[in-house]
Amino acid sequence: SYRDRRTILNFEIRCPQQCEEVVRLGHKQAHLENECKNRLIICDKCGAKTNGYLLADHLQNVCCFRSISCPQCQQTISPAILDAHLLKDC
């Protein structure tokens, strides 16, 4: 019945991705896809997969397409092209 379904969907469960959140069963899928800090996210810049809570660190410190300053000329470039930049542009 509708009432039984509503009761089941309102059960609270711990996140199966072990993010420590408690979510309603009816909200589980949305949590896993959009909110869970342990969900896998694909970096828009390089395509690497990372956990949601690590994305900011990935973008600032790991991503090969993040912005860095050339150690010689201080031009803003990405680490992916640093070697070619040092050989040809500096």
Side-chain angles (χ1 to χ4, degrees):
S1 79
Y2 175 76
R3 187 177 196 178
D4 292 339
R5 179 174 159 73
R6 242 180 65 192
T7 299
I8 291 169
L9 293 176
N10 281 319
F11 282 147
E12 290 187 339
I13 61 167
R14 289 199 177 273
C15 173
Q17 294 286 356
Q18 301 174 344
C19 75
E20 300 178 6
E21 291 290 322
V22 175
V23 297
R24 286 183 295 110
L25 187 58
H27 186 69
K28 181 183 89 168
Q29 195 62 36
H31 168 77
L32 292 173
E33 292 175 3
N34 304 312
E35 301 163 0
C36 180
K37 69 180 183 180
N38 289 337
R39 72 190 185 284
L40 283 182
I41 295 178
I42 298 174
C43 175
D44 289 338
K45 293 184 178 190
C46 71
K49 293 179 182 176
T50 187
N51 283 2
Y53 72 96
L54 295 174
L55 183 61
D57 180 67
H58 170 81
L59 290 170
Q60 285 185 346
N61 302 308
V62 178
C63 183
C64 62
F65 293 109
R66 69 190 185 277
S67 295
I68 62 169
S69 292
C70 170
Q72 291 187 10
C73 71
Q74 311 312 312
Q75 181 179 342
T76 300
I77 58 169
S78 73
I81 64 164
L82 178 60
D83 290 339
H85 170 79
L86 289 171
L87 289 173
K88 297 178 183 172
D89 299 325
C90 267

For [X], is the [atom1] atom crowded, meaning more than 12 foreign heavy atoms sit under 6.0 Å from it?
X	atom1	value
Gln18	CD	no
Glu20	CD	no
Asn34	CG	yes

Student check: side-chain heavy atoms of Cys19 and Glu35 closer than 4.5 Å: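 Heavy-atom side-chain distance check fails, nothing below 4.5 Å.
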Tell me the closest heavy-atom pair linking [X] and [Y], and the distance in Å.
X	Y	answer
Gln17	Cys36	CB-SG, 3.7 Å
Gly52	Ile41	CA-CD1, 3.4 Å
Leu59	Arg66	O-CB, 3.2 Å
Arg39	Leu32	CB-O, 3.4 Å
Cys63	Cys43	SG-SG, 3.9 Å
Leu9	Arg24	O-CB, 3.7 Å

Inter-residue atom distance [X].[atom1] - [Y].[atom2], 0.5 Å rounding:
X	Y	atom1	atom2	value
Cys70	Asp89	SG	CG	9.0 Å
Asp44	Leu55	CG	CG	8.0 Å
Lys37	His31	NZ	NE2	9.5 Å
Lys28	Arg14	NZ	CZ	15.5 Å

Applying a strict under-4.5 Å side-chain criterion to I, L, V, M, F, W and Y, I'd like to know whether Ile13 and Ile8 cluster together.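 Yes, one cluster joins them.
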Go through Gln75 and Cys90 one step at a time and tell me if the side-chain contact (heavy atoms from CB on, under 4.5 Å) criterion holds. CA-CA 9 Å; Gln75 181 179 342; Cys90 267; over 6 Å; no
Listed by chain and number, what are the side chain to side chain contact (heavy atoms under 4.5 Å, CB included) partners of Leu82, not counting sequence neighbours?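 Result, side chain to side chain contact (heavy atoms under 4.5 Å, CB included) vs Leu82: Ile68, Pro71, Ile77, Leu86.
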